[in-house]
Amino acid sequence: MEEEKKKEGSYRYWVREATADAAPPPQPQKLTNNDVVASNAPALGSLWNQAGTWEEKNITKWATDRLKELLVSVGSLQFSSGKAEIIDVNRCVGDAFLVTVRNKKRVGYTYELSLKVQGEWSFEEDTKKVKGSLDIPEFSFGELDDLEVNVKLSEDKELSQKLKQQVRLDMKQFLEPIRLKLGQFEQELKDR
């Protein structure tokens with residue numbers, strides 16, 4: 001008998017089912033124009049969040065489109081023995097968000113990039129066309145000083161090892177213009 005009482009009383013679920021005296025569930029209410037004008041809406045965040053508590057907005061679509069636009073606009077670079085340009089964004093994967101907490105705006109993002117590059121190099125009185133990619137494994141908000149770029153060249157048996165080494169060194173010079181475009185992106189993200 002005592003075991004049955006223990007089983008029954010050992011755990012109590014707070015609300016097993018709705019009872020007649022329970023409060024009804026809250027119903028959403030549409031705001032009117034008068035409500036919008038009359039309210040003292042916070043400077044940041046949504047109208048419903050007048051206390052300025054946590055609110056997160058996903059802005060990945062805008063950020064991805066803007067990153068692609070900015071990076072393609074880097075254009076071409078001239079080197080001592082050749083020139084190259086970023087012609088496309090092969091891969092742009094990540095996410096971006098805008099957070100309002102305690103009426104303060106914070107932004108952030110994390111992305112991975114791969115940029116398609118092509119160019120021409122003169123080497124030993126011969127001009128070679130070169131294709132490859134610039135890969136940026138990971139970068140996030142406020143870490144542009146630590147940005148690294150990896151150069152990958154398409155397999156071309158005509159290119160000597162010495163020329164490949166020269167091309168890789170030259171293509172690493174894209175790092176600074178890419179960093180400037182990403183800095184512009186960060187500023188635009190902060191201004192949203």
Side-chain angles (χ1 to χ4, degrees), residues 44-45 54-102 104-192:
L44 296 171
W54 183 275
E55 182 180 343
E56 186 170 337
K57 183 178 179 184
N58 185 333
I59 53 175
T60 301
K61 168 93 173 86
W62 172 85
T64 301
D65 292 345
R66 188 63 181 140
L67 273 173
K68 288 178 180 179
E69 186 181 326
L70 286 169
L71 292 167
V72 170
S73 74
V74 167
S76 64
L77 290 182
Q78 193 73 38
F79 311 111
S80 60
S81 60
K83 65 179 181 174
E85 67 178 324
I86 296 173
I87 58 170
D88 199 8
V89 178
N90 286 339
R91 184 167 188 239
C92 183
V93 178
D95 62 344
F97 52 88
L98 183 127
V99 175
T100 305
V101 61
R102 296 184 185 162
K104 291 186 179 164
K105 181 173 67 170
R106 293 182 173 90
V107 293
Y109 67 85
T110 302
Y111 271 91
E112 294 178 20
L113 289 172
S114 179
L115 310 171
K116 188 175 183 179
V117 182
Q118 73 179 22
E120 289 183 349
W121 271 262
S122 298
F123 192 69
E124 296 175 357
E125 300 177 16
D126 196 13
T127 301
K128 301 281 187 184
K129 290 189 184 265
V130 178
K131 292 182 180 179
S133 67
L134 301 172
D135 296 338
I136 301 173
E138 185 179 11
F139 62 100
S140 54
F141 188 82
E143 297 179 0
L144 294 181
D145 292 339
D146 301 330
L147 202 63
E148 290 181 20
V149 65
N150 300 322
V151 178
K152 291 183 183 175
L153 301 179
S154 59
E155 290 303 313
D156 191 345
K157 302 205 184 329
E158 292 181 22
L159 299 178
S160 68
Q161 201 59 33
K162 191 172 182 181
L163 179 57
K164 285 181 181 179
Q165 188 176 5
Q166 181 63 46
V167 169
R168 282 191 183 99
L169 280 174
D170 287 346
M171 283 196 183
K172 285 206 178 249
Q173 292 180 39
F174 273 105
L175 181 61
E176 201 49 44
I178 289 171
R179 186 180 282 135
L180 289 173
K181 292 293 181 179
L182 294 178
Q184 180 182 342
F185 168 74
E186 279 194 2
Q187 189 58 51
E188 289 178 16
L189 191 62
K190 284 192 254 184
D191 294 343
R192 277 188 68 82

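The chain is numbered in sequence order, starting from 1. Nothing here was measured: the structure is a model prediction, and the numbers come from that model.
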>> Taking side-chain contact (heavy atoms from CB on, under 4.5 Å) as the definition, give me every residue that meets it alongside Lys152, ordered by chain and number, with sequence neighbours left out.
In response: Ser133, Asp135
>> Can you tell me how far apart CZ (Arg168) and CG (Leu163) are? Round to the nearest 0.5 Å.
In response: 10.0 Å
>> For a 4.5 angstrom cut-off between non-hydrogen side-chain atoms, does Leu70 reach Gln184?
In response: yes
> Roughly how far apart are Gln78 CD and Glu85 CD, rounded to 0.5 Å?
Replying inline: 11.5 Å
>> Taking Gly142's backbone N and O only, do any of them form a donor-acceptor pair with Glu186's side chain (distance below 3.5 Å, no angle check)?
In response: yes
> Does any non-hydrogen side-chain atom of Glu55 lie less than 4.5 Å from one of Val99?
Replying inline: no
> Between atom CG of Leu169 and atom CD of Gln166, what is the distance when rounded to the nearest 0.5 Å?
Replying inline: 6.0 Å
> Would you find more than 12 non-hydrogen atoms of other residues, nucleotides or ligands less than 6.0 Å from Glu148 atom CD?
Replying inline: no
>> My understanding is that only residues two or more places apart in sequence, or in another chain, count here; which of them pass side-chain contact (heavy atoms from CB on, under 4.5 Å) with Asp65?
In response: Lys61
> More than 12 foreign heavy atoms under 6.0 Å from NZ of Lys116: is that the case here?
Replying inline: no
>> If I take atom CG from residue Leu189 and atom CG from residue Leu98, how far apart are they, to the nearest 0.5 angstrom?
In response: 7.0 Å
> Taking side chain as C-beta onward, heavy atoms only, is Arg192 less than 4.5 Å from Ile59?
Replying inline: yes
>> Is the shortest side-chain heavy-atom distance between Thr100 and Lys104 below 4.5 Å?
In response: no
>> Show the nearest heavy-atom pair for residues Leu144 and Arg179, with the distance to one decimal.
In response: O-NE, 2.8 Å
>> Can you give me the closest heavy-atom contact between Ala96 and Thr60, atom names plus distance?
In response: N-OG1, 3.0 Å
>> Among residues at least two apart in sequence or on other chains, which ones pass side-chain contact (heavy atoms from CB on, under 4.5 Å) with Lys131?
In response: Gln118, Ser154
>> Using the ring-ring contact (aromatic ring centres under 6.0 Å, His included) criterion, which residues pair with Tyr109? Sequence neighbours excluded.
In response: Phe139, Phe185
> Rounded to the nearest 0.5 Å, how far does CG of Asp88 lie from CG of Asn90?
Replying inline: 6.0 Å
>> Taking CD in Gln165 as the centre, count heavy atoms belonging to other residues, nucleotides or ligands within less than 6.0 Å. Is the count above 12?
In response: no
> What distance do Leu153 atom CG and Met171 atom CE have between them, rounded to the nearest 0.5 Å?
Replying inline: 6.0 Å
> Of the non-hydrogen atoms in Pro177 and Val74, which two are nearest, and what is the gap between them?
Replying inline: CB-CG1, 3.8 Å
> What pair of heavy atoms forms the shortest contact from Lys190 to Lys105, and how long is it?
Replying inline: O-NZ, 2.7 Å
>> Among Leu115, Ile86, Val149, Leu71, which residue satisfies the side-chain contact (heavy atoms from CB on, under 4.5 Å) criterion with Phe174?
In response: Ile86
> Do you know which two heavy atoms are closest between Tyr111 and Asp95, and how far apart they sit?
Replying inline: CE1-O, 3.7 Å
>> Filter on ring-ring contact (aromatic ring centres under 6.0 Å, His included), then keep only pairs touching residues 71-100, sequence neighbours left out; what's left?
In response: Phe79-Trp121
>> Under the rule for side-chain contact (heavy atoms from CB on, under 4.5 Å), what residues qualify as partners of Arg91, not counting sequence neighbours?
In response: Val93, Glu112, Ser114
> Quick one: are Ser76 and Lys83 in side-chain contact, heavy atoms under 4.5 Å?
Replying inline: no
>> So Val117 and Ile87, do their side chains get closer than 4.5 Å, heavy atoms only?
In response: no
> Hey, are the side chains of Arg106 and Phe141 touching, using non-hydrogen atoms and a 4.5 Å cut-off?
Replying inline: no
> Do the side chains of Asp126 and Lys128 get nearer than 4.5 Å, heavy atoms only?
Replying inline: yes
> What pair of heavy atoms forms the shortest contact from Ile136 to Leu147, and how long is it?
Replying inline: CG2-CD1, 3.7 Å
